[in-house]
**Q** 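The structure is given below, and queries will be raised subsequently.
Values below: every heavy atom of this structure, side chains too, minus hydrogens, waters and symmetry copies. Bear in mind the structure is a predicted one, so any value in this text is a computation, not a measurement.
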Amino acid sequence: MERPHNSVAMTPTDSVVAQMRSKSKSYMQSYRSCHTPGLTARRLNSSRRTKSHNIIEKVNPDDLALLVKTEWQLSYVTPLYQFRHTQLRSYSRQLSAFITAEKQQGLAVEVEGLQTSFRVSFSVVRGLGETDNDAETVLIQIHSKPVFAGKDEPLKLVWSGWLTCINGNPEYLHSLPKDFTCLPLFGSRGTENLTSSVKSWFQQTFDCCFGPLEISQTCLQWLVALWTNCHVESSIQHLKMIWTIPVVPPLQITYTVNSQDAWDLWNSVKNPSLERTGEEEAAARSIDIEEVTRFMQGLKSHFYRHFRLDLSAGRLSQVSTALGSAKFSGRIKMSNSRYIITTLTLLTECALLKMPI
């Protein structure tokens, strides 16, 4: 788990931060007391729905353009204490002052040369939430201008990130004290120094903790199945997987499957049905873990027949299709807006399960 910097920049919010630190223990004890071991012992859901969402009609096109076709580094974040969506302008000023103060102390950023100042903007991405329990997604952007830039040269986007909760576990969300906002999935794109500064500010201001969010092999297998299941509506074009075999030196195997072959195999492992009613058709859109397991076994068996190498001895570390890509290291790219909800739902679940509380 990442910890705040030992050096704290003096900003206009220092008095508030000091008060929060003096009370942070009681805050976190209060938070922990509301939870039972059952909430932290859960596993990934054994079934889930796949559904395309025409969110172009609901989400601001500029926000959507930023979210898709960009690779994000994922983290999990514990619930934010006294975070308010109505205070985003104030948070913009506070974070800007915090980063500037860190820069003056030599703690902040090197972004393609020295920067004169940083302008931070917080905004709400409306239209992504699926249930009333989900807090609105928050987008953060940091702009800056090189010190020798011309007077009329526009500010440059040097860092972006977001916090979201899509189809979060209702039992967990209802158990939170009212002063906590749950946005467990954090994506960032930019220099590590800026990311560290943003996380430090959040930790000090909202008494939360960040940690790395790897995309486990099970989650990668779910993405393989979920994206393949969308092939009829949006061609996946290819199914590419990278497996890491634990030999010395480590061996990486790239396994690429033609989209139609992947679709035919997927159809063969789906639970068969002849004529379907409306409810049955909806149920057919649901995928269970047994189907995912059979699909992956079919892919590995096909590989073994041709190359006499058992991929079960290795670990799936990366998957990609035309709909997106994901890496075990926690990097995700969503290339088709219609399936953002499906992907973020799975990742939200992963983030909630990874949290240590």
Side-chain angles (χ1 to χ4, degrees), residues 43-50 52 69 71-74 212-273 284-336 338-339 342-343 345-347 349-350 353-354:
R43 297 180 180 275
L44 282 174
N45 287 332
S46 60
S47 65
R48 58 189 73 248
R49 295 278 309 274
T50 59
S52 65
K69 299 182 180 179
E71 188 173 63
W72 301 95
Q73 180 65 54
L74 299 179
L213 181 61
E214 297 91 358
I215 305 177
S216 69
Q217 176 168 257
T218 301
C219 290
L220 290 174
Q221 291 175 351
W222 268 109
L223 287 172
V224 169
L226 290 168
W227 286 339
T228 301
N229 195 59
C230 298
H231 175 66
V232 171
E233 295 177 336
S234 299
S235 173
I236 64 171
Q237 296 182 18
H238 66 271
L239 171 59
K240 180 179 178 181
M241 297 164 286
I242 295 180
W243 296 76
T244 302
I245 308 299
V247 295
V248 181
L251 175 65
Q252 276 201 338
I253 297 175
T254 300
Y255 182 9
T256 303
V257 184
N258 175 274
S259 59
Q260 188 58 46
D261 292 339
W263 175 248
D264 290 342
L265 175 60
W266 176 245
N267 271 336
S268 72
V269 303
K270 285 287 289 179
N271 293 322
S273 59
R285 303 281 296 171
S286 179
I287 298 174
D288 60 47
I289 188 60
E290 288 79 13
E291 292 170 328
V292 175
T293 301
R294 289 198 298 270
F295 184 49
M296 296 305 301
Q297 188 57 49
L299 290 169
K300 289 185 283 188
S301 297
H302 177 79
F303 192 87
Y304 182 81
R305 284 195 300 272
H306 286 274
F307 301 103
R308 289 295 183 268
L309 181 61
D310 187 0
L311 294 176
S312 298
R315 184 190 70 190
L316 181 62
S317 57
Q318 184 175 334
V319 300
S320 66
T321 72
L323 304 185
S325 64
K327 301 175 183 177
F328 178 83
S329 61
R331 303 192 75 85
I332 186 79
K333 180 192 289 186
M334 299 168 287
S335 303
N336 189 313
R338 297 183 69 90
Y339 303 102
T342 296
T343 302
T345 294
L346 174 63
L347 296 176
E349 191 179 339
C350 293
L353 293 175
K354 187 68 183 289

**Q** Verify, without hydrogens or angle tests, whether Lys354 (side chain) and Pro212 (backbone) share a donor-acceptor contact under 3.5 angstrom.
**A** yes
**Q** Between Leu226 and Ile287, is there a side-chain heavy-atom distance shorter than 4.5 Å?
**A** yes
**Q** Going through the distances and angles, do Phe328 and Ile215 end up as a side chain to side chain contact (heavy atoms under 4.5 Å, CB included)?
**A** CA-CA 5 Å; Phe328 178 83; Ile215 305 177; 5.8 Å; no
**Q** With side chains defined as the heavy atoms from C-beta onward, is the minimum distance between Val319 and Trp227 less than 4.5 Å?
**A** yes
**Q** Is there a donor-acceptor pair under 3.5 Å between the side chain of Ser268 and the backbone N or O of Leu265?
**A** yes
**Q** Please report the shortest heavy-atom distance between Gly324 and Ser335, naming the atom on each side.
**A** CA-OG, 3.8 Å
**Q** Is Lys240 close to Gln318 at the side-chain level, that is, under 4.5 Å between some pair of heavy atoms?
**A** no
**Q** With sequence neighbours excluded, give me every salt bridge (charged side-chain N to carboxylate O under 4.0 Å, His left out) pair touching residues 298-311.
**A** none
**Q** Report the residues that fulfil side chain to side chain contact (heavy atoms under 4.5 Å, CB included) with Ser46, sequence neighbours left out, ordered by chain and then residue number.
**A** Ile289
**Q** Roughly how far, to the nearest 0.5 Å, is the CE atom of Met296 from the OG atom of Ser312?
**A** 9.0 Å
**Q** Ignoring hydrogens and geometry, is there a side-chain-to-backbone donor-acceptor pair from Glu291 to Lys270 under 3.5 Å?
**A** no
**Q** Taking all heavy atoms of Ala262 and all of Ile236, pick out the closest pair and write down the distance.
**A** CB-CD1, 4.5 Å
**Q** How many angstroms lie between CG in Leu74 and OG in Ser329, if you round to the nearest 0.5 Å?
**A** 9.0 Å
**Q** Can you name the residues that form a side chain to side chain contact (heavy atoms under 4.5 Å, CB included) with Val248, not counting sequence neighbours?
**A** none
**Q** Could you pull out all residues at least two apart from Glu71 that satisfy side-chain hydrogen bond (donor to acceptor under 3.5 Å, both in side chains)?
**A** Lys327, Arg331
**Q** Which distance, rounded to the nearest 0.5 Å, do you find between the CD of Gln237 and the OG of Ser320?
**A** 10.5 Å
**Q** Output the distance between atom CG (Leu251) and atom CG (Leu309), rounded to the nearest 0.5 Å.
**A** 7.5 Å
**Q** Cys219 and Leu346: which non-hydrogen atoms are nearest, and at how many Å?
**A** O-CD2, 3.8 Å
**Q** Applying ring pair (Phe, Tyr, Trp, His ring centres under 6.0 Å), which residue pairs with at least one partner in residues 303-325 are found, sequence neighbours left out?
**A** Tyr255-Phe303, His302-His306, Phe303-Phe307
**Q** Evaluate Leu299 against Met241 for side chain to side chain contact (heavy atoms under 4.5 Å, CB included), listing each step before the verdict.
**A** CA-CA 10 Å; Leu299 290 169; Met241 297 164 286; 4.0 Å; yes
**Q** Quick one: side chain to side chain contact (heavy atoms under 4.5 Å, CB included) partners of Thr218, sequence neighbours excluded?
**A** Leu44, Ser216, Trp222
**Q** To the nearest 0.5 Å, what is the distance between CG (Leu223) and OH (Tyr339)?
**A** 14.0 Å
**Q** Could you check whether any side-chain N or O of Glu349 sits under 3.5 Å from a backbone N or O of Asn45, counting only pairs where one atom can act as donor and the other as acceptor?
**A** yes
**Q** For the residue pair Leu213 and Leu347, what are the closest heavy atoms and their distance?
**A** CD2-O, 4.3 Å
**Q** Considering all heavy atoms of both residues, which atom of Ala322 and which atom of His238 are nearest to each other, and what is their separation?
**A** N-CE1, 4.2 Å
**Q** Between Ser235 and Leu323, what is the shortest heavy-atom contact and its length?
**A** O-CD2, 4.5 Å
**Q** If you measure from CG on Asp264 to OG1 on Thr228, what distance do you get to the nearest 0.5 Å?
**A** 11.5 Å
